[in-house]
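Right, one structure below, let's go through it.
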Amino acid sequence: MKYYVMTLFPDMIEQGMNTSILGRAIESGTIELVTKNIRDYTLDRHNKVDDYPYGGGAGMVIEAEPVYRCYEAICSELGKIPRVIYLTPQGDVFSQKMVLDFSKEEAVVFLCGHYEGIDERVLEEIVTDYVSIGDYVLTGGELPAMVLMDAIARFVPGVLNNGESAETESFSDGLLEYPQYTRPLEILGRKVPDVLMSGHHENIRKWRQEQSELRTKERRPDLYQAWLERKE
């Protein structure tokens, strides 16, 4: 998996991604991260990439030309037209279904907006997917891009030590994950459920399934209802 990120703040992306599991995956070459500073593709001698919006209004808008030149450089490096994800509150809300879809790509490009957004004309030209991580507004697309890269990376072979991890956690089957426990056996007056100590794998599997259903029903009734409808 190769991630390209078109951004005004490459350091933010690199510092956020080069730690923990993702950092190890990048170091081993399982994932490749390439940040592209949009400012490097402007023809303005002061590296200016934004201008006032036509029609007036507050804030500034990122110009189309440097974004498109940056995109062309990525296409040239890849030797093909890539899938480009624009992070925006106006996009479809990010989901596990999207994670699985994006994880099938060999390379994904993330376009991070800033200020009041990006000139619509370049978005129409290059963007294939508009994605939101929720109904709120952030200062830029860098944090959402890292959210997507983290989620997608979990399905890239070799990123997780345990190959079953990504397949058994929350949302993998439409339900929230069951409760998890570790040592000691008792703490704060609470004990680990007896079934987990039984060594009976089928009983443990059934308990975990029941707990996933119960937790989803209590905490995310919308997901639970959708799960029930798929079962019917």
Open item on the list: Test your reading of the model: is there a side-chain donor-acceptor pair from Ser212 to the backbone of Leu176, 3.5 Å cut-off?
Closed with: yes
Task: Greater than 12 external heavy atoms within 6.0 Å of Lys2's NZ - done: yes
Task: Listed once per pair and sorted, the ring pair (Phe, Tyr, Trp, His ring centres under 6.0 Å) pairs that draw on residues 200-219, sequence neighbours left out - done: none
- [ ] First locate atom CD1 of Ile26, then atom CD of Glu14, and finally report the distance between them rounded to the nearest 0.5 Å.
- [x] 9.0 Å
Task: Ionic contact status for Glu186 with Lys191, cut-off 4.0 Å - done: no
Open item on the list: Measuring only between side-chain heavy atoms, which start at C-beta, is Leu160 closer than 4.5 Å to Ile21?
Closed with: yes
Open item on the list: Would you say that Val49 contacts Val67 through its side chain, given a criterion of any heavy-atom pair below 4.5 Å between the two side chains?
Closed with: no
Task: From Leu228 atom CG to Leu223 atom CG, the distance as rounded to the nearest 0.5 Å - done: 11.0 Å
Open item on the list: Quick test of your reading of the model: are Asp173 and Lys231 salt-bridged, counting only N-O distances below 4.0 Å?
Closed with: no
Open item on the list: With a 3.5 Å distance limit and no angle check, can you tell me whether Arg208 reaches the backbone of Tyr178 through a side-chain donor-acceptor pair?
Closed with: no
Task: Under the ring-ring contact (aromatic ring centres under 6.0 Å, His included) test, residues paired with Tyr224 that sit two or more places apart - done: Trp227
- [ ] Decide whether Leu87 and Val61 are clustered together by the hydrophobic rule: side chain heavy atoms of Ile, Leu, Val, Met, Phe, Trp, Tyr closer than 4.5 Å, transitively.
- [x] no
Open item on the list: Is the shortest side-chain heavy-atom distance between Lys36 and Thr7 below 4.5 Å?
Closed with: no
- [ ] Calculate, to the nearest 0.5 Å, the distance between atoms CG and CE belonging to Asp40 and Met6 respectively.
- [x] 11.5 Å
Task: Any Met1 side-chain heavy atom under 4.5 Å of Val108 side chain - done: yes
- [ ] State, with a plain yes or no, whether a side-chain heavy atom of Tyr181 is found less than 4.5 Å away from one of Leu196.
- [x] yes
Open item on the list: For the backbone of Lys48 and the side chain of Thr42, can you confirm whether one donor and one acceptor N or O come within less than 3.5 Å of each other?
Closed with: yes
Task: Gap between atom CE of Met12 and atom OG1 of Thr35 - 0.5 Å precision - done: 13.0 Å
Task: Non-hydrogen side-chain atoms of Pro179 and Arg215 separated by less than 4.5 Å - done: yes
- [ ] Ignoring hydrogens and angles, tell me if any N or O in the side chain of Asp150 forms a donor-acceptor pair with the backbone of Met146 under 3.5 Å.
- [x] no
TODO: State which residue, out of Ile81, Ile74, Val127, fulfils the side chain to side chain contact (heavy atoms under 4.5 Å, CB included) condition with Val109.
DONE: Ile74
Open item on the list: Does Tyr54 have more than 12 heavy atoms from other residues, nucleotides or ligands lying within 6.0 Å of its OH?
Closed with: no
Task: Which residues share a ring-ring contact (aromatic ring centres under 6.0 Å, His included) with Tyr68, sequence neighbours left out - done: Tyr71
- [ ] Check for a donor-acceptor pair, side chain of Ser20 on one end and backbone N or O of Leu22 on the other, with a separation under 3.5 Å.
- [x] no
Open item on the list: When you group the ILVMFWY residues by side-chain heavy-atom contacts below 4.5 Å and let the links chain together, are Val34 and Tyr41 in the same group?
Closed with: no
- [ ] Would you please name every residue forming a salt bridge (Lys or Arg N to Asp or Glu O under 4.0 Å) with Glu202, sequence neighbours left out?
- [x] Arg205
- [ ] Identify the residue among Glu213, Gln211, Lys206 that makes a side chain to side chain donor-acceptor pair (under 3.5 Å) with Gln209.
- [x] Glu213
Open item on the list: Can you tell me how far apart OH (Tyr4) and CD1 (Ile85) are? Round to the nearest 0.5 Å.
Closed with: 15.0 Å
Task: Residue pairs, two or more places apart or on separate chains, that pass salt bridge (Lys or Arg N to Asp or Glu O under 4.0 Å) and touch residues 50-76 - done: none
Open item on the list: With a 3.5 Å distance limit and no angle check, can you tell me whether Ser103 reaches the backbone of Phe155 through a side-chain donor-acceptor pair?
Closed with: no
TODO: Would you indicate whether the side-chain heavy atoms of Thr88 and Ile118 approach each other to under 4.5 Å?
DONE: no
Open item on the list: Under the ring pair (Phe, Tyr, Trp, His ring centres under 6.0 Å) definition, can you give me all pairs with a residue in residues 101-123, not counting sequence neighbours?
Closed with: Tyr3-Phe110, Phe9-His114
TODO: Look at atom OH of Tyr52 and say whether more than 12 heavy atoms of other residues, nucleotides or ligands are closer to it than 6.0 Å.
DONE: no
Open item on the list: Around atom CZ of Arg183, are there more than 12 heavy atoms from other residues, nucleotides or ligands closer than 6.0 Å?
Closed with: no
Open item on the list: Around atom CD of Glu27, are there more than 12 heavy atoms from other residues, nucleotides or ligands closer than 6.0 Å?
Closed with: no
Task: Side-chain (Ser198) to main-chain (Val195) donor-acceptor, under 3.5 angstrom - done: yes
Task: Between CD on residue Glu142 and CD on residue Gln15, distance to nearest 0.5 Å - done: 12.0 Å
Open item on the list: So for atom CG, which belongs to Asp222, do other residues, nucleotides or ligands contribute more than 12 heavy atoms lying within a distance under 6.0 Å?
Closed with: yes
